[in-house]
Number of protein chains: 2
Amino acid sequence: MKHPTIHDVAREAGVSKSLVSLVMRGSDKVSPTSREAVLRATKKLSYRPNAAARTMVRQRSYVIGVMVSNLHNPFFADVIDGIDMAVTDASYRSILTTGNREPRRERLAVTTLLEMRVDGLILLSPVMHRKHTIEASRSVPTVVVGKAMRAATVASVTNDDRTGAAMVVDHLFELGHSRIAHIDGGSEAGAQPRRAGYERAMQGHGLENQIQTVSGGFTEEDGRVGMRRLLVGGTWPTAVFAANDLAAFGALEVLDAEGIDVPGVISVVGYDNTALATNHRLGLTTVDQPRHDMGRMAAELILAAIASAGTAVNHAVLTPKLIVRGSTGPPSP
Amino acid sequence: MKHPTIHDVAREAGVSKSLVSLVMRGSDKVSPTSREAVLRATKKLSYRPNAAARTMVRQRSYVIGVMVSNLHNPFFADVIDGIDMAVTDASYRSILTTGNREPRRERLAVTTLLEMRVDGLILLSPVMHRKHTIEASRSVPTVVVGKAMRAATVASVTNDDRTGAAMVVDHLFELGHSRIAHIDGGSEAGAQPRRAGYERAMQGHGLENQIQTVSGGFTEEDGRVGMRRLLVGGTWPTAVFAANDLAAFGALEVLDAEGIDVPGVISVVGYDNTALATNHRLGLTTVDQPRHDMGRMAAELILAAIASAGTAVNHAVLTPKLIVRGSTGPPSP
DNA sequence: CTACACGATTGGAACGTTCCAATTTTAAGA
DNA sequence: TCTTAAAATTGGAACGTTCCAATCGTGTAG
């Protein structure tokens, strides 16, 4: 259980510790003989370099720390995948911590990363107070994904919610809808711009007096409540745009229970293109965020910031894509 | 961007570095005056202890490393949550790496953890070759979750797949089914014992000649392929037990497309009780693994192994629970 | 007023690397 | 064979902590 050190390897191979270090780092100024001997010793002792020691002397860990607010959301798996790719390509490594959506634990998760002296910090939809994000960003290059951050020291990667929402409205308009309602996402990440995008697109099509928004959220229950609210009035909308897939599912459930045909009577659209949207019986029309690219972009921003010693702070906004499935169709005449 | 050190704090507070160290570690043999001064200095400089340096001298990192084979599987989120709880309670910390199901990347993920000198290693359903797990276990206490490991140095936490599968068969048998088919999980973690449990339970009910297994896997596509295969023969089964929820959804999709009623004509059961199982229109009958407890147990095994210097290797097997939902019912006469 | 005990504080060594400057070895040319 | 350049190898300092043994100060008992 005691880890061998570079000295043990040196002794075993009959060379100096410096030479072992050279071999481990793949230097080309080592004779084949020595390299061979060192490698053999390394294998025999199953030596593994000590990252802590290396970090100490190099003053760099070559590690990017990623804090995931919520591992339960499969959205992040793809983002992390993108991060991992880009980071590995640059011969950095990535480690994750998770805050389980609780601000306290998020902060602990970030602290862990910071104490380990990661060279860069990526925060995936943090829910902790923004001042803690900003504080972290003062000691290490930081990028936030999935949440707009207006702060000079924090980079960010988001999808263009405004445009995504507009795409939804455009799609429905082209199908012939005009009574298009929106169940909004309350104060959740991205909800505000989606709502704004919806409203502006409605105006763009001359439907300003058809704008109908009910306040909701990002859960199924929020969707149910919102949908019920929309069914109370005299004239129903012919299409409903929910702020995310989960809420859309809640809406669908209510429509199902009421025996209202989708998309025959009412079309439904979500946002996020989660696995559920694919799996649902009829398939949910939704907006896909380029998750993998968002991750890759986040990694690239971080690496650039590291390379430039923190001067290059950027905000990347990626364009989402409309995915049309069975839950939308032309309105009944 | 340059991190302040304990020396900077000492200078600022007008004390020695040792005193600062004492305060940081919460010692009670420090005068209130000094503590106050040190705390003020740490705040002013926003000092954060350097974990790498601490790990060096303490020869312990107080970090548990977790390698997750596949972040896309929401199953692990709960396990990780359980790990995190237990680890935090013991004032350790946890960090994650992910291998995205690729053996090569898994190995890199484990290497990263090992080089960081984690005090314990938890592997969540590793797909890499077992020899690499065993190798890792020789340098640090290791526990594998979700996959049986017969190795003297590796602890493990699994659910009793055999019993879980038997529960499914029992349930279907009680409903009156006899033509119960199984879409198995190929070589995935837990697939083999689930299949064995299915077969033994069938025998237990005197249904040995009704045993019908088609080879599948853990993806939706595997479920689709398996289901189509089952529909080719002359007599259809009246119930299908898929090796996991995702495969079950694939099967459901095919049945839906063919217009075959579930559970009227064919009942379907999955395994894992993922969020999808709850959300699906009719609810999927499935088997719930005590994910949170599995994580907690894994953490406890690791902490025990660390405390006992690696002597206490254990294998914990937790009992799963059948969750009955709308996808199963009595067979049509 | 002195001695002593005890609490508070301190300096130095050690942890396992990297990197630099210095040294040794080898090879080539005369 | 000698000289010199190039290649290979080396020891030591440094990184930021912890922990130990040693020292410093202060109050109290005699």
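Within every chain, numbering begins at 1; the chains are lettered A, B, ... in the order of the sequence lines, protein sequences first and strands thereafter. Given the structure is predicted, the values throughout are model-derived calculations rather than measurements.
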Problem set entry | Donor + acceptor pair across side chains of S21(B), R25(B) (<3.5 Å) | yes

Problem set entry | Within residues 33-50 of chain A, residues whose heavy atoms come under 4.0 Å of DNA chain D | S34(A)

Exercise. Sub-3.5 Å donor-acceptor pair from the side chain of E115(B) to the main-chain atoms of A51(A), do we have one?
Worked result: no

Exercise. When you check the gap from the basic side-chain N to the acidic O, do D81(A) and R105(B) get nearer than 4.0 Å?
Worked result: yes

Problem set entry | Span of DNA chain C in contact with chain A (heavy atoms, under 4.0 Å) | dG16(C) to dC19(C)

Exercise. Would you say the side-chain atoms of N100(A) pair up with the backbone N or O of E102(A), donor to acceptor, closer than 3.5 Å?
Worked result: no

Exercise. Distance-only, no hydrogens or angles: does the E106(A) side chain make a donor-acceptor pair with backbone N or O of V127(A) under 3.5 Å?
Worked result: yes

Exercise. Any sub-3.5 Å donor-acceptor pair from S139(B)'s side-chain atoms to A136(B)'s backbone N or O?
Worked result: yes

Exercise. Is it true that R40(B) and E36(B) have a side-chain N and a carboxylate O under 4.0 angstrom from each other?
Worked result: yes

For this session: Give, ordered by number, those residues of residues 51-58 of chain B having at least one heavy-atom distance below 4.0 Å to an atom of DNA chain D; if nothing qualifies, reply none.
Result: A53(B), R54(B), M56(B), V57(B), R58(B)

Exercise. Does a donor on one side chain sit under 3.5 Å from an acceptor on the other, for H72(B) and D78(A)?
Worked result: yes

Problem set entry | side-chain N/O S18(A) vs dT10(D) OP1/OP2, d < 4.0 Å | no

Problem set entry | M116(B) CE: over 12 foreign heavy atoms closer than 6.0 Å | yes

Exercise. Any Lys/Arg nitrogen of D293(B) or R296(B) sitting under 4.0 Å from an Asp/Glu carboxylate oxygen of the other?
Worked result: no

